[in-house]
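First the structure, in the form of structure tokens, and then the observations on it.
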There are 2 protein chains.
Amino acid sequence: MTHGLPKYFTICQKIIEQIKHGKLLPGMKVPSEHEIIEKYHVSNTTARKILQEIENMGWAVRIKGKGTFVRTANVERAATRILGFTRNMIEAGFTPSTRLLSARHLPGGYSAIINDRFYAIKGPVYMIKRLRFADDIPMMLEERYISLAFCPDIAERNLEGSLYDLYNNAYGLHLTEVNQMLSSITLDDPKVMALFHLTQPISAFLVEGVTFIAKEIILEMEKSIYRGDKYRFSVRAT
Amino acid sequence: MTHGLPKYFTICQKIIEQIKHGKLLPGMKVPSEHEIIEKYHVSNTTARKILQEIENMGWAVRIKGKGTFVRTANVERAATRILGFTRNMIEAGFTPSTRLLSARHLPGGYSAIINDRFYAIKGPVYMIKRLRFADDIPMMLEERYISLAFCPDIAERNLEGSLYDLYNNAYGLHLTEVNQMLSSITLDDPKVMALFHLTQPISAFLVEGVTFIAKEIILEMEKSIYRGDKYRFSVRAT
């Protein structure tokens, strides 16, 4: 029960739940002041406060003279900022969490062609596979290939948090550049679908990337799947 | 027949055709010097020239000690550069062309939410729908919403070329910024599939964008579909 919580707050939560669970989709109007008054029997001051709060929490945008609309996507990723999943989720108003699925040493290293260039990390490399959540919804499945030259004891660290924080705090490494290549794919591998609790294929982003700690010095490489129904990438060109 | 063309050139063309038509996929090895010698009965000088030529034309990358590999994607778009389709295609080694599908005046203007912001162009707006080709392959379907305040006689212009060039040359407009939002979608609308000569759905990028000619001054907005089997977006974060 909601005993003890202010009424405006529980109504806020109800509307936000509708957005989170896709009953109110991006671009759709959230209930108007008038509709909130009618439905929940609150004053217009409370109704206004509710809409303000939903907007403040980042779930909707108010457009003068038009109404309040659900934000364009559940999560937006600024493609031109070095921004880890953890911080990205916190900024978007979610609680991030991570499950480590597997980890192993690759003595031979790792290589990939990204944006037409061949990149390689000499072995041994530590490969981890992780599933990343926002408010317990699986959002992203990632493989990271980490240079053991720079992070020799990474296998003994907590690998269910932000790797960017770990690089920084445990190894004093500062990321200078991330190059990524985005593909649009159909997520139809039954094993991956099961991880995302999907019963049918959806479109998704495949992100292949390389992270540098100095010019031409690679710290890690990445191969991740971002579900297309939860993610948008934003890009600014000048 | 290939009468009159040098042998190395016709072999180049054959291999490039295999790449263009997806028989050789991004990341796959193109035939080695040795395989070219065996298959086409040429000297090792000619075989080397062929591989060099394919690389020079941008279809493959040679990796020391590993071989020559088909480039990661047919077309890559640097998401952080203001780069029109026409120039993008020329840089990628294709011949671009454009078919105007429809055009009309929208007296009420146009608006969209992009990267969580509401953008609007006051009417009248000129809306054009175009299909854009690379070497006669349909690559991208676009809707452009152009401010008639800045381009009053655009309806009388040639709309089957680069709009960026037109803005610049005919109206003296200089683009300052492009904000875009990338979604991963399933291209399954039968009408759109027919335009792309597709017999079954594929994944694709939906690109919604807004183009500025000064701070907060919108020249045009865009809503385009880039086929996912032909496109990658490259992003660099610093």
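Values in this document were obtained by computation on a predicted structure and should not be read as measured data.
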Checklist entry - What residues form a side-chain hydrogen bond (donor to acceptor under 3.5 Å, both in side chains) with A/S184, not counting sequence neighbours? => result B/S184
Item to check | Contacting moiety of B/F69, where chain A heavy atoms sit under 4.5 Å | outcome: side chain
Checklist entry - Highest number of heavy-atom pairs under 4.5 Å with chain B: which of A/F212, A/F118, A/Y226? => result A/F118
Checklist entry - Which of residues 217-225 of chain B have a heavy atom under 4.5 Å from any heavy atom of chain A? => result none
Item to check | side-chain hydrogen bond (donor to acceptor under 3.5 Å, both in side chains) partners for A/E143, two or more places apart | outcome: A/Y145
Checklist outcome for this item: d(A/L175 CG, B/T238 OG1) to nearest 0.5 Å is 11.5 Å
Item to check | Toward chain A, the part of B/V61 with a non-hydrogen atom under 4.5 Å | outcome: side chain
Item to check | Region of B/S234 that comes under 4.5 Å of a non-hydrogen atom in chain A | outcome: both
Checklist entry - Roughly how far, to the nearest 0.5 Å, is OG of A/S183 from OH of B/Y231? => result 13.5 Å
Item to check | Proximal to chain A - members of residues 200-208 of chain B, heavy-atom separation under 4.5 Å | outcome: B/S203, B/A204, B/F205
Next on the checklist: Less than 4.5 Å to any heavy atom of chain B: does that hold for the side chain of A/T176, its backbone, both, or neither?
Outcome noted: backbone
Checklist entry - Counting heavy atoms not belonging to A/R236, are there more than 12 under 6.0 Å from its CZ? => result no
Next on the checklist: Counting only heavy atoms from other residues, nucleotides and ligands, does the tally under 6.0 Å from CZ of A/R87 exceed 12?
Outcome noted: no
